[in-house]
Q: 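Structure provided below as structure tokens; questions to follow.
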Amino acid sequence: MHGYVRPGNSQPAWLFPFIVIIVLILSVLPLARLATTGIAALANGGVGAVLGDPALWSATYYTLVTAVLGTLISLAVGCAFAFLLTLTDICGKGALSFLFVLPMMIPPQVTALAWVQMSGPSSPLLKALHIAPPLGSPQPLYSVGGISLLYGVQHAPLVFLALRAGMMALPRDGVEAARLAGASSLRVFRDVILPLSLPGIIAGAAISFVSCTGNFGIPAILGIPASIYTLPTLIFTKFSAFTSRTFGDVALLSAIIAIISVVGLAIQDRALRGRDYRVLGLSGATVAFDLGGWKFLLQLLLWLCLFFMLAAPFFALLAGALVPAYGVPLTFKTMSASAFYEVLFRQAVTRTAFVNSLSLASGTASCLLVVTVLSAYALARRQDLLSRIVSSLIEIPYSLPGIVMAVSFILVFAAPLPILQVTLYGTIWIILIAYFSSFFAVSLKPVVSAFHQLDSALEEAARLSGAGFFRRLVDIIVPLIAPAAGASVILVFLIACNELTISALLWSAGTQTLGVAIYNLDDSGSSDLASALSVLVVLMVVCIMLLLELMAKRLPRGVVPWRN
């Protein structure tokens, strides 16, 4: 048993230290560099200049206001869908859940662009339907309300998923006892369901708030034209006007975003502390309220809500791609597919963006999978304090806003690497490493779930028969966790392929991603090309999600988020 931790433990001695080193590089090093830069800026008096800048307080105000309003909207919509799709006899729950989660998977800048194409006096779709507002009317989305509305649409699925996970475990026998005691459906909902659902509601609100705080795509498309800057867009503009003080300033701004996010999560923890939400009894997955005559009306309202959240913006985006310029009404004479031909075959920038995004997403998903399998094996086999600390460190980069992680990696790699004297800043490799850090937790979750469901007897039998670690890994472990590993690859690929917040700060000439290309095309006035590229991205997202849906039956429970 030479090389193993101790007799009877199948984990090699090198494995856990290897995982610790990876976590130190991907999580601890960039965040420590951000902290030291911020402290240095404080020591050099840079904090006075930052705090004295009116733009900081304006951006902080807009960040908090839009995040709070967006969270309230996401709570209202997400809770309504979660309650109706989990606890009632609504028909078509699978399709409704799939479609409701879709906005979360679509890049935020695509969501913003689609809604801009759907509203305002220049909307090609509204003009074609002859319902466009009069020319000269303001674009209603270029406002705090518009940003907040799209935050709510984008992040309502987060509330839905957090709340539904708890409601699936509600005590069926408790609900039945309340009914037998004569309680009405409304009384059961108010006195039994709602109190036990409070943890999911609070968790969903916290996740939504943190996501709103770090969102870049929506305020970039809707806020910058109206001079409404949030902290992420303020950081972006400071990098655009680079000076000797930029690194210190953005480190302090990133620290403010991180503090706001941590405070939001701390409020969640404080709200749940001291409350006992343990559930005894049978799982409530089959708990259902009979809606009676309300069933058809509520079902119609859910489909109408999805139409205005998904279908109408997509048709508006498609209309914007089929006309030669924004503001031209869609007719048979103006309709043309030239924008699709342009972005696919003639525009070098968009072709490069496709190659970069697909390469980065594939590289991130496949490379992370190797590390994820080893990490999941090590963490599942250890149940000590150190393994819990490592797990928490893996989660931190994903829980922080992407703009914070982007700034952290800029600070780490702005200077040439020691000894090697190689600069990663300005290359595609810095984006890849930042993706590794941010999506490590996404890759790890399905595989860890699969490991916890494995019976270790097979591996122990192989070990006692003399099979080495890698032989056991290839012949026994990997085949058993293959479905979860496949889901891990697809989830990471889907998220990384559509990412904008990280790459918006890290890209340079030749390293544009799809998210950056869409934003730059729209910013330069090529709204038809931006719309065409966005339509292609949406279709790609739907295809990947359908592939996950086809794999769902072979995956551990909870890996595919929209499945009941």
Side-chain angles (χ1 to χ4, degrees), residues 99-100 102-103 105-143 145-147 149-150 152-154 217-218 220-222 224-226 303-347 349-350 353-354 498 500 514-515 517-543 545:
L99 293 172
F100 186 69
L102 189 56
M105 303 296 184
I106 294 174
Q109 71 276 15
V110 172
T111 300
L113 184 60
W115 280 69
V116 167
Q117 298 278 17
M118 187 180 68
S119 60
S122 299
S123 168
L125 182 62
L126 295 185
K127 281 191 168 186
L129 297 173
H130 304 291
I131 56 174
L135 289 176
S137 302
Q139 167 56 264
L141 293 178
Y142 291 160
S143 61
I147 295 171
L149 174 63
L150 292 204
V153 171
Q154 188 84 24
I218 290 173
I221 297 288
L222 303 182
I224 292 178
W303 283 107
L304 278 175
C305 186
L306 285 176
F307 175 80
F308 287 107
M309 287 176 60
L310 285 173
F314 178 77
F315 289 137
L317 200 61
L318 184 60
L322 294 175
V323 295
Y326 183 56
V328 177
L330 180 66
T331 65
F332 286 110
K333 291 183 178 180
T334 61
M335 186 185 301
S336 170
S338 60
F340 291 99
Y341 181 82
E342 186 81 12
V343 298
L344 286 173
F345 302 110
R346 296 186 62 183
Q347 284 281 336
V349 171
T350 54
F354 265 111
N498 298 313
L500 170 66
L514 284 171
I518 290 170
Y519 174 73
N520 287 343
L521 286 171
D522 180 69
D523 190 50
S524 64
S526 301
S527 61
D528 57 332
L529 301 184
S531 298
L533 189 55
S534 298
V535 168
L536 295 174
V537 168
V538 171
L539 294 177
M540 181 178 65
V541 168
V542 173
C543 290
M545 289 180 65

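This chain uses plain numbering: 1 for the first residue, then up along the sequence.
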Q: Could you tell me if the side chain of Pro107 sits less than 4.5 Å from the side chain of Leu500, heavy atoms only?
A: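 No, side chains not in contact.
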Q: Hey, does Thr350 have a side-chain heavy atom less than 4.5 Å from the side chain of Leu529?
A: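 No - every pair of side-chain heavy atoms lies 4.5 Å or more apart.
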Q: Any heavy-atom pair between the side chains of Thr111 and Pro313 that's under 4.5 Å?
A: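 No, their side chains stay 4.5 Å or more apart.
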Q: Before you tell me yes or no, could you show the steps for Val535 and Phe340 under side-chain contact (heavy atoms from CB on, under 4.5 Å), namely the whole-Å CA-CA distance, both residues' side-chain angles and the distance that decides it to 0.1 Å?
A: CA-CA 9 Å; Val535 168; Phe340 291 99; 4.0 Å; yes
Q: Write down the atom of Leu310, the atom of Pro103, and the distance for their closest heavy-atom approach.
A: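 Residues Leu310 and Pro103, closest heavy atoms: CD2-CG, 3.7 Å.
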Q: Is the closest side-chain heavy-atom distance between Leu141 and Ile221 below 4.5 Å?
A: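 SC-SC contact between Leu141 and Ile221 ruled out.
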Q: Which of these, Val323, Leu322, Leu318, sits in a side chain to side chain contact (heavy atoms under 4.5 Å, CB included) with Pro124?
A: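 Between Pro124 and the candidates, side chain to side chain contact (heavy atoms under 4.5 Å, CB included) is satisfied uniquely by Val323.
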Q: Drop me the distance from Leu113's CG to Ser527's OG, to the nearest 0.5 angstrom.
A: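 Between atom CG of Leu113 and atom OG of Ser527 there are 7.5 Å.
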Q: A side-chain contact here means heavy atoms from C-beta on lying under 4.5 Å apart; do Ser531 and Leu521 qualify?
A: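 Not touching, per the 4.5 Å side-chain cut-off.
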Q: When you compare the side chain of Leu99 with that of Trp303, does any pair of heavy atoms fall below 4.5 Å?
A: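 Yes, their side chains come closer than 4.5 Å.
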Q: Write down the atom of Ala316, the atom of Ala114, and the distance for their closest heavy-atom approach.
A: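 Taking every non-hydrogen atom into account, CB-O, 3.9 Å.
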Q: Heavy atoms only: give me the nearest Ala220-Pro225 pair and the separation to one decimal.
A: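 What the structure gives for the nearest pair is O-CD, 3.9 Å.
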Q: Report the C-alpha separation of Asn498 and Ile106 in whole Å, then their side-chain angles, then the decisive distance to 0.1 Å, and conclude whether the side-chain contact (heavy atoms from CB on, under 4.5 Å) test is met.
A: CA-CA 7 Å; Asn498 298 313; Ile106 294 174; over 6 Å; no
Q: Please lay out, stage by stage, how Leu514 and Met540 fare under the test side-chain contact (heavy atoms from CB on, under 4.5 Å).
A: CA-CA 12 Å; Leu514 284 171; Met540 181 178 65; 4.1 Å; yes
Q: Determine the minimum heavy-atom distance between Pro329 and Thr334, stating which atoms define it.
A: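 Heavy atoms only, the tightest pair is O-OG1, 2.8 Å.
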Q: Between Phe314 and Val110, is any pair of side-chain heavy atoms under 4.5 Å apart?
A: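 Heavy-atom side-chain distance check fails, nothing below 4.5 Å.
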Q: To the nearest 0.5 Å, what is the distance between CG on Leu150 and CD on Gln109?
A: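 Taking CG in Leu150 and CD in Gln109, the distance rounds to 12.0 Å.
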Q: Taking all non-hydrogen atoms of both residues into account, name the closest pair between Pro133 and Leu126 and its distance.
A: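 Pro133 and Leu126 have their closest heavy atoms at CD-CD1, 4.2 Å.
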Q: Evaluate the criterion side-chain contact (heavy atoms from CB on, under 4.5 Å) for residue pair Ser526 and Asp528; output intermediate values, then yes/no.
A: CA-CA 6 Å; Ser526 301; Asp528 57 332; 4.3 Å; yes
Q: Please report the closest heavy-atom contact between Ile218 and Pro108, naming both atoms and the distance.
A: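 Result for this residue pair: CG1-O, 3.6 Å.
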Q: Report, as yes or no, whether the 6.0 Å neighbourhood of atom CZ on Phe315 holds more than 12 heavy atoms from other residues, nucleotides or ligands.
A: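 Check fails, neighbour count at 12 or below.
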Q: Atom CG in Leu533, atom CD in Glu342: separation rounded to 0.5 Å?
A: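 Rounded to the nearest 0.5 Å, the CG-CD separation comes to 12.0 Å.
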Q: Any heavy-atom pair between the side chains of Trp115 and Leu222 that's under 4.5 Å?
A: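 When only atoms from C-beta onward are counted, Trp115 and Leu222 do not touch, as no gap falls below 4.5 Å.
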